Protein chains: 2
Amino acid sequence: MKDHYRAHKKVLLAVDCIIFGFDQDNLKILLIKRDFEPEKGKWSLMGGFLRPDETLDDAASRILQKLTGLHDIYLDQLRSFSQPERDPVDRTVSTAYYALINIEEHNEELTKKHSAEWFNVQDIPPLIFDHDEMIRQAIKRLRYKASVEPIGFELLPEKFTMRQLQKLYEAILGQKLDKRNFIKKILSQDVLIKLDEKDMTSSKKGSFLYKFDAEKYDRFKI
Amino acid sequence: MKDHYRAHKKVLLAVDCIIFGFDQDNLKILLIKRDFEPEKGKWSLMGGFLRPDETLDDAASRILQKLTGLHDIYLDQLRSFSQPERDPVDRTVSTAYYALINIEEHNEELTKKHSAEWFNVQDIPPLIFDHDEMIRQAIKRLRYKASVEPIGFELLPEKFTMRQLQKLYEAILGQKLDKRNFIKKILSQDVLIKLDEKDMTSSKKGSFLYKFDAEKYDRFKI
DNA sequence: AAATTTAAGTGTATTATTTACATTTAATTT
DNA sequence: AAATTAAATGTAAATAATACACTTAAATTT
């Protein structure tokens, strides 16, 4: 190795995942009881360390898969957190990622293992290190995204009603929305396909189901 | 150190700075001729390694100050880049920051040292590693910022004309803007103070100078 | 002193987007 | 047949974005 490089101290690089889910009412985050020291037994984001042969994106996918068993999850890098004393054991810089997953479809795999548990975003327990700050920033980012591009494909079942989609947006943005204006706006984005099928569980009349037009949805993404 | 931690490989953590400046006509980026191996002599972003006692933000400030001599520069974290082979010498993850500085006020300090040179954003030479990708993403971020909040305080002299501000926006966004609509929009944001003073260099009539209202400008920031 | 030159400064009409707001409809249950 | 339930729907008003061209202030030239 070149001398110039040798002079510098290496650090541990961690990845922490803010895993968002939606349960038809509330935006939730998956937390785990940390099973090693320090702070063993406290609530924490799911995390792990970067391996020599992978990118941070790879590491986030791997860690997410370990917890959820799921491949091909939506993941986006949030930012890196680097307070020198954030982890008291050893200098560790952590890059936070956030993920969106469908709770209903994958609930069994999730909470069995790792003593994982979903918490409403308004109701997060005390967390280790700077994980609360990571969550704060992830929510801010998710809100921003919801305001500029369609979102929800990853958080909803394949077929969903307008009401469900609106509730998801309300949960993300933390505010009530007007039904007519919401529908108008969403339909103008032209990313939904209206199905010939109704969901009959919510009312006597039933409500039409929609699905995302994957191609148009992707084209919309920034 | 705890066993759990010992098992993981440490990496070098670098910081690279995309330094934006504006010369009254073009958006520019400051590059340096790299003075060590590998890739010695090639153009590169200004960078350095994280020290044990500092945050990534601190490191970016320090590195920026080394090159520019300037304190209190606007700096924002872009994201971390982690391809395993991005630096051929040793595994190095780099966190990119972008900075905005006023070229005119600081040109001497800058280009003397470190064989630094300003390049138009449309005209960046081949760079080492993944620095071109970092620049691409930084420009994208800067454009986004310019579209949602006032920008330019850091890139313009203290007093400036509407024409200069418009040219800055045009350089950032890479497109011509309508003069009347631009002024209307900027004034509606209520972050400018019109001075009783004219710049007489650009025309016979002279044009009024403005400055930013620091308090209102900051309140606008996301 | 009048005419010319130069860039600064200004307004309005049109279109698109966002917001506020209430009734009707389809199907089931009683 | 009447009542119930949530779904579905439209319009007017306000705000924001866009397109577009002439007048003005001061210096310079004739």
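Numbered from 1 within each chain, the chains take letters A, B, ... in sequence-line order. What you see is a predicted model; the values in this text were computed from it and never measured.
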(message) Aromatic contact between B/F212 and B/F160, with the criterion being ring centroids under 6.0 Å apart: yes or no?
(response)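 Yes, close enough.
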
(request) Could you tell me if the ring centre of A/Y144 sits under 6.0 Å from that of B/Y144? (result)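 Ring-ring flag for A/Y144/B/Y144: true, centres closer than 6.0 Å.
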
Specify the separation, in whole Å, of atom [atom1] of [X] and atom [atom2] of [N].
{"X": "A/K176", "N": "C/dT19", "atom1": "NZ", "atom2": "P", "answer": "17 Å"}
{"X": "A/L177", "N": "C/dT18", "atom1": "CG", "atom2": "C1'", "answer": "13 Å"}
{"X": "B/D199", "N": "C/dT6", "atom1": "CG", "atom2": "C1'", "answer": "14 Å"}
{"X": "A/L187", "N": "C/dT17", "atom1": "CG", "atom2": "P", "answer": "15 Å"}
{"X": "B/F182", "N": "D/dA17", "atom1": "CZ", "atom2": "P", "answer": "14 Å"}
{"X": "B/M200", "N": "D/dA26", "atom1": "CE", "atom2": "C1'", "answer": "6 Å"}

Backbone of [Y] reached by a side-chain donor or acceptor of [X] within 3.5 Å:
{"X": "B/R79", "Y": "B/T95", "value": "no"}
{"X": "A/D23", "Y": "A/N26", "value": "yes"}
{"X": "B/Y97", "Y": "B/A59", "value": "no"}

(message) Ignoring hydrogens and geometry beyond distance, is a side-chain donor-acceptor pair present between A/E170 and A/Q175 at under 3.5 Å?
(response)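 Not at all, the side chains of A/E170 and A/Q175 share no donor-acceptor pair under 3.5 Å.
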
(request) Give the B/S/- string for nucleotides 5-13 of chain D, one per nucleotide from 5' to 3', where a protein heavy atom under 4.0 Å of the base yields B, of only the sugar-phosphate yields S, and otherwise -. (result) SBBBBBB--

